[in-house]
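Reading through the structure tokens given below for one structure.
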Amino acid sequence: MLQSFNSTNSSMELSSSLTHFSKKLSDISFSSSLSPFPLQLYPQPSKPKNLRVLAVAVGPSQELPRNSPQRLLKELAHRKKATAPRKKVPPKRFILKPPLDDKKLTERFLNSPQLSLKQFPLLSSCLPSSKLNTADNTWIDEYLLEAKQALGYPLEKSDELGDDNPAKQFDTLLYLAFQHPSCDRTNARHVRSAHSRLWFLGQYVLELALAEFFLQRYPRESPGPMRERVFGLIGKRNLPNWIKAASLQNLIFPYDDMDKLIRKDREPPVKSVFWALFGAIYLCFGMPEVYRVLFEVFGMDPEAEDCQPRLRRQLEDVDYVSVEFEGNKLSWQDVATYKPPEDALFARPRLFRACVPPGMHRFRGNIWDYDSKPQVMQILGYPLAVNDRIPEITEARNIELGLGLQLCFMHPSKYKFEHPRFCFERLEYVGQKIQDLVMAERLLMKHLDAPGRWLQEKHRRVLMNKFCGRYLREKYLHRFIIYSEQVQDAYENNRRLRNPATTAVQQALHGLSYTVYGKPDVRRLMFEVFDFEQIQPKSV
């Protein structure tokens, strides 16, 4: 380092003025450590003198020498800056916690309201996973009366009702229905999960209720226009109008004006609350109350201009409809208050008449009736044993059931263009909706701790169209579908054309079982005959 001071480099100067500098070279120490100043001077301690040192001056445009300590330090500092920043610490709720021990887990499940109602398992599964706390009760005390008044319910507390009445839990479910994901209480896990489970159920309740209503109101219409009518009433763009008509917007947006919010901030909370509301009403009061709230409280009008289907070419329908539909357009009160007579052939006789035209009796005794119907009924386990007062009722039901089965297997290509209702389309429409609701109820009771979005994805994956058709083909029922000759030739060697037809037949079978025997038979077909959950052992 001594040589660096004797260098003749013009750009570097060393200026050092020392007063009373020692003559001996041993009094000067040159440190070899990497320090900002290569030169370190130690004057004699016995002679404290004034010492003035001017450091090495480096020109700004001149690059430091390759082995210079300053250059190494600068490069090191630059490398530290260039390294990737530290990852952000995840929020507390995403940090995995050690699992509860068996004792605490048992206590948590036994104390959960979800296991408190043995009489109503579906209702019990939609209750919160833990008891409501002080913050929940505060919201109930402040806002619940306003919600009940707007919906037309008595203001007394529902807790005072008997244990055998499902409406006893209505206050709790109504509170949960308004706790949408954007509100203050959504941070509580039991509130967030219970609300999402309610809207998961409520969307399928709405679809089934309106499907049954429009099938009976328009007995000659095909399902396409009816789907457009349903979308016009409960599509997410129109839901804020119904919420405002019932004066519920202040309960959903207590701090904002709903009309001034942009669509992406307004529609998701409204849709979530709307669906959850009907999930709660269905669990506590049943389907008739769903119709009352839809058409009386929210003021939905099936004849309104904005929910009419688009104009399309209609096929001429020359066939008869049932006497109760002839020249009579049913209102929502007729559908909501209808009770079948004691000696009725079916669980839902009017819905059956709306889907199976009377003219189907012309097909009695044809080749399919003799050849295919016995095999189909044997595979599906029909007819079910029903205790009737009169044997003639059982015989008549079995005849109608056979005609309904033949309609389920009747592809539109066969007779639709001459007789628009002689195909499985209307039964397929109601079957699709009851299939969705039955599977939703099954998942809610099976997965007590699952949130609604997880259940929604599970529901979608189980009921994909390609799977529904596959379950039918596994039972070899696709052999009995009735096609026209032209379509039969095209479908024989084209799987992509054939599979949607098998899916439609599968859903039509569920619709027929719902109208003839009711929802329990739909569960039997889905989970015992066709094994939708894929949990039964397979034959090797």
Side-chain angles (χ1 to χ4, degrees), residues 207-234 287-288 290-292 294-296 299-364 393 396-397 399-401 403-404 406-408 410 412 415-431 433-434 508 511-512 514-516:
E207 291 279 349
L208 178 63
L210 290 177
E212 289 189 30
F213 172 67
F214 284 123
L215 280 168
Q216 297 175 62
R217 184 177 174 86
Y218 304 104
R220 295 182 182 272
E221 199 168 73
S222 64
M226 280 189 281
R227 293 178 192 272
E228 294 179 11
R229 293 179 190 274
V230 171
F231 181 76
L233 287 179
I234 60 171
M287 199 63 85
V290 170
Y291 288 114
R292 184 194 72 82
L294 274 175
F295 295 103
E296 190 176 280
M300 292 188 180
D301 182 12
E303 297 298 327
E305 292 184 5
D306 54 352
C307 67
Q308 297 306 307
R310 61 184 177 84
L311 295 176
R312 49 165 60 81
R313 183 175 63 90
Q314 294 285 349
L315 297 171
E316 185 182 3
D317 191 352
V318 297
D319 298 296
Y320 292 106
V321 294
S322 185
V323 178
E324 51 198 328
F325 303 122
E326 192 67 54
N328 180 26
K329 190 177 284 188
L330 298 181
S331 64
W332 70 265
Q333 290 94 338
D334 298 328
V335 176
T337 60
Y338 175 74
K339 291 183 179 179
E342 293 183 3
D343 56 348
L345 296 180
F346 315 110
R348 284 170 173 74
R350 195 160 66 185
L351 186 59
F352 179 89
R353 298 295 177 200
C355 296
V356 182
M360 280 298 296
H361 278 271
R362 73 183 67 179
F363 296 104
R364 282 185 64 185
I393 293 180
R397 180 189 300 112
I399 291 173
E400 297 280 359
L401 175 64
L403 296 176
Q406 188 166 174
L407 185 65
C408 288
M410 199 171 286
Y415 300 112
K416 181 179 178 180
F417 293 103
E418 292 82 17
H419 306 276
R421 285 179 291 127
F422 284 16
C423 64
F424 54 56
E425 287 184 343
R426 289 172 70 88
L427 281 174
E428 176 200 1
Y429 182 40
V430 68
K433 303 309 175 187
I434 188 60
L512 179 69
Y514 176 62
T515 58
V516 175

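None of the values given here were measured: they were computed from a predicted structure.
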Sole residue of R421, R362, R220 in salt bridge (charged side-chain N to carboxylate O under 4.0 Å, His left out) with D319: R362
Atom pair OG1 (T515) and CD (E212), whose distance is rounded to the nearest 0.5 Å: 10.0 Å
Separation of L512 CG from L407 CG (nearest 0.5 Å): 8.0 Å
Euclidean distance, F417 CZ relative to C423 SG, rounded to 0.5 Å: 9.5 Å
R364 atom CZ, neighbour heavy-atom count above 12 within 6.0 Å: no
Main-chain N/O of S222 paired with E425 side-chain donor or acceptor, under 3.5 Å: no
Distance in Å, H419 NE2 paired with M410 CE, rounded so as to fall on 0.5 Å steps: 10.5 Å
Non-hydrogen atoms of F424 and P412 that approach each other most closely: CZ-CD, 3.5 Å
Heavy-atom closest contact (H361 atom, I399 atom, distance): CE1-CG2, 4.5 Å
Closest contact, heavy atoms only, A508 versus C408: O-SG, 3.4 Å
Within-4.5 Å side-chain heavy-atom neighbours: E303 and K329: yes
Whether W332 and F295 hold their rings parallel, tilted or perpendicular, with breakpoints at 30° and 60°: parallel
Distance-minimising heavy-atom pair for F346 and P349: O-CD, 3.5 Å
Note: E400-R353 ion pair, threshold 4.0 Å (strictly below): yes
Q308 side chain to A304 backbone, donor-acceptor under 3.5 Å: yes
Side-chain touch F214/Y429, heavy atoms, less than 4.5 angstrom: no
Cation-pi, Y218 ring and R229 (6.0 angstrom, 45 degrees): yes
Any L294 side-chain heavy atom under 4.5 Å of L210 side chain: yes
Nearest atoms (heavy-atom pairs only) where L315 meets P420: CB-CG, 3.7 Å
Side chains of Y514 and K433 in contact at under 4.5 Å (non-hydrogen atoms): no
Test item: side-chain donor near acceptor, Y338 and E324, under 3.5 Å: no
Crowding at CZ, F325 (>12 non-hydrogen neighbours, <6.0 Å): yes
Sub-4.5 Å side-chain heavy-atom contact between L330 and P219: no
Distance (rounded to the nearest 0.5 Å) between E228 CD and R310 CZ: 5.5 Å
Flag side-chain contact, heavy atom, 4.5 Å: V335 against F213: yes
Validation row: P302, R217 side chains within 4.5 angstrom (heavy atoms): yes
Heavy-atom neighbours of E305 CD exceed 12 at 6.0 Å: no
Main-chain N/O of E221 paired to R426 side chain as donor or acceptor, under 3.5 Å: yes
L345 versus R397, closest heavy-atom pair with distance: O-NE, 2.5 Å
From S331 atom OG to Q216 atom CD, the distance as rounded to the nearest 0.5 Å: 11.0 Å
